[in-house]
Amino acid sequence: METVEDIVIAGAGLAGLATALGLHRKGVRSLVLESSTTLRASGFAFTTWTNAFRALDALGVGDKIREHHLLYERLVAFSASTGEPAAKLSLKMQEKSGPHEIRCVKRNFLLETLENELPEGTIRYSSKIVALEEDGNVKVLHLADGSIIRAKVLIGCDGVNSVVAKWLGLPKPILSGRSATRGLAEYPAGHGFGPEILQFIGQGFRSGVLPCSDTSVYWNYTWYPSPSDGDAEESVAKMRSHVLAKLRAAKIPDEALDVIERSEMSDVVSSPLRFRSPLSLVRGSIARRGVCVAGDALHPMTPELGQGGCAALEDGVVLARCLGDAFVAGGEDGMMISKEGIDAALGKYAEARRWRVIQLITAAYVVGFIQQSNNGVIKFLREKFLSGVLAKVMVAMADYDCGKL
Ligand SMILES: Cc1cc2nc3c(=O)[nH]c(=O)nc-3n(C[C@H](O)[C@H](O)[C@H](O)COP(=O)(O)OP(=O)(O)OC[C@H]3O[C@@H](n4cnc5c(N)ncnc54)[C@H](O)[C@@H]3O)c2cc1C
């Protein structure tokens, strides 16, 4: 079976759904192809920062997310060696562009909220793109079920192993040597944590405890795996024991340990963390001949800033604005849009995103390196003043406005 579409988006993660919704708000139709049978919400929750709320507002769904998720007032970073706060940062203060807004948002809720705003039939599930070729100005997409789609524009929002990024010639993401695991605990009678992000840093790991609502708490744990971890990655039970043993050996309060003990964990026990070399993006092809990438397909990064998903939302808004304007200018349904018009719109998107994502990838890697390092000098500086600097960097990276649609 062969069909023809104007705009095809590969992947119904945050980047794909945000782009499709942004285009829909501009009155431009797109088709999202998702390889899974349903939305993939693995990972439980996202730290969703000020920049992401600006993007969600531009997409018209910010208030729906706010309604169900707690607003943080503080970020407290504890030293895992001493158990003492190494940095406390008020999130209420006013920065140049307004107050901070940081919440921990459940992944399934965020994805479903975006999906529910899309017209029926926008997402086609069980539709994996397996090959991509060009026929003149048209991209020919071969799907796993044997069907073929011919598209004027292909947007790769297909995650860290993106086939579209490969087609664009972007190099493979690099293994950072770090891994992460995470979980979500439910407290039907209330958890008792305040409106704050708690971080425990040092002893070769970095762990966060973040209440999502009055009854649920998300946690994460990032570390450098070593042979001494034994078979920890074999099962959820072994990974939980491993994390608890590491945290008990450090000075972590009992309430934080309780979150991990009672939490649900993913079947994907741990994820090796990868990032795209920032250097490869200085001149790399983010967009070319009617094809571009967004989200993790463009900028996989280590998770220490909690910005991968937030940046995917920014991508979606900027891309929908650039491409949507070009299609709207191309008359009804973009009938009159030229190849040059499409390339100019995607080129504008690529240049708007290039330096922003280079900065995010670099800052995430450096923050993680300092937070998880066991080097004596770095440890000393971290306990003395670097923890405070890192907390400020995290908040500063989120103070960004991708603009309106
Ligand atoms: C441990 C950890 C913690 C994190 N914490 C945070 C955080 O606190 N805050 C934050 O903002 N970000 C965080 N992130 C990053 C965030 O999870 C990602 O950046 C975000 O999910 C990327 O969204 P995406 O839509 O680009 O990609 P994905 O969510 O990976 O979606 C890609 C989609 O494409 C589909 N797909 C793949 N290949 C194909 C194909 N060939 N054809 C069709 N469909 C395809 C997949 O099935 C998937 O649904 C974290 C990441 C990790 C690993």
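Atoms within each ligand, like the ligands themselves, are counted from 1 in listed order.
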(request) Show which atoms of ligand 1 fall inside a sub-4.0 Å distance from at least one heavy-atom site of S127. (result) 42 (N), 43 (C)
(request) Please indicate whether any nitrogen or oxygen in S35 is less than 3.5 Å from any nitrogen or oxygen in ligand 1. (result) yes
(request) Assess R356 against Y400: is NZ or CZ under 6.0 Å from the centre of the six-membered ring, and within 45 degrees of the ring's axis? (result) yes
(request) Enumerate the atoms of ligand 1 whose separation from the nearest heavy atom of G295 is less than 4.0 angstrom. (result) 26 (O)
(request) Would you mind checking if R29 and D6 are paired as a salt bridge, meaning a charged N to carboxylate O distance below 4.0 Å? (result) no
(message) Tell me whether R40 has any N or O atom under 3.5 angstrom from an N or O of ligand 1.
(response) yes
(request) For the pair K166 and D158, find out whether any cationic side-chain nitrogen is under 4.0 Å from an anionic carboxylate oxygen. (result) no
(request) May I ask you to decide if the ring planes of F275 and Y365 are parallel, tilted or perpendicular, using 30° and 60° as cut-offs? (result) tilted
(message) Using 30° and 60° as the class boundaries, would you call the ring planes of F109 and H69 parallel, tilted or perpendicular?
(response) perpendicular
(request) Measure from atom 4 (C) of ligand 1 to every heavy atom in P303, C310, S162 and give the option owning the shortest one. (result) P303
(message) Within the 4.0 Å heavy-atom shell around G309, which atoms of ligand 1 are there?
(response) 10 (C), 11 (O), 12 (N), 15 (C), 16 (C), 18 (C), 19 (O), 20 (C)
(request) State the atoms of ligand 1, each with its element, that fall below the 4.0 Å cut-off from a heavy-atom position in G11. (result) 33 (C), 34 (O), 35 (C), 44 (N)
(request) Could you please spell out the steps behind the side-chain hydrogen bond (donor to acceptor under 3.5 Å, both in side chains) verdict for R103 and T48? (result) CA-CA 5 Å; R103 300 168 201 261; T48 305; over 6 Å; no
(message) Is a donor from one side chain sitting under 3.5 angstrom from an acceptor on the other, for R240 and S263?
(response) yes
(request) Output the list of atoms in ligand 1 that are nearer than 4.0 Å to some heavy atom of S36, sorted by atom number. (result) 47 (O)
(request) Would you kindly check if the NZ (Lys) or CZ (Arg) of R107 is within the cone defined by 45 degrees around the ring axis of Y218 and under 6.0 Å from the six-membered ring centre? (result) no
(message) To check you understand the geometry: which heavy-atom pair defines the closest contact between Y224 and G177, and what is its length?
(response) CD2-O, 3.4 Å
(message) So if I count the atoms of ligand 1 from 1 in the order they appear, which ones are less than 4.0 Å from some heavy atom of L33?
(response) 43 (C), 44 (N)
(message) Tell me whether E314 is salt-bridged to R353, with the criterion being a basic N under 4.0 Å from an acidic carboxylate O.
(response) yes
(request) Would you mind finding which of C157, G43, G306 brings a heavy atom closest to atom 32 (C) of ligand 1? (result) C157
(message) Please determine whether any non-hydrogen atom of L143 lies less than 4.0 Å from an atom of ligand 1.
(response) no
(message) Judged on heavy-atom distance to atom 3 (C) of ligand 1, which of E34, Q307, R182 sits nearest?
(response) R182
(request) For atom 30 (O) of ligand 1, grab the closest protein heavy atom and report residue, atom and distance to one decimal in Å. (result) G159 CA, 3.8 Å
(request) Quick one: look at N220 and ligand 1, take heavy-atom pairs under 4.0 Å, and tell me if it's side chain, backbone, both or neither. (result) neither
(request) Could you pull out, from R178, R124, R107, K128, the option with a heavy atom nearest to atom 5 (N) of ligand 1? (result) R107
(message) Distance under 4.0 Å to a non-hydrogen atom of A180: what atoms of ligand 1 satisfy this?
(response) 1 (C)
(message) Taking 4.0 angstrom as the limit and counting only heavy atoms of D296, give me the atoms of ligand 1 inside it, by number and element.
(response) 18 (C), 19 (O), 22 (C), 26 (O)
(request) Measure the acute angle between the ring planes of Y187 and F193, then classify it against the limits of 30° and 60° as parallel, tilted or perpendicular. (result) perpendicular
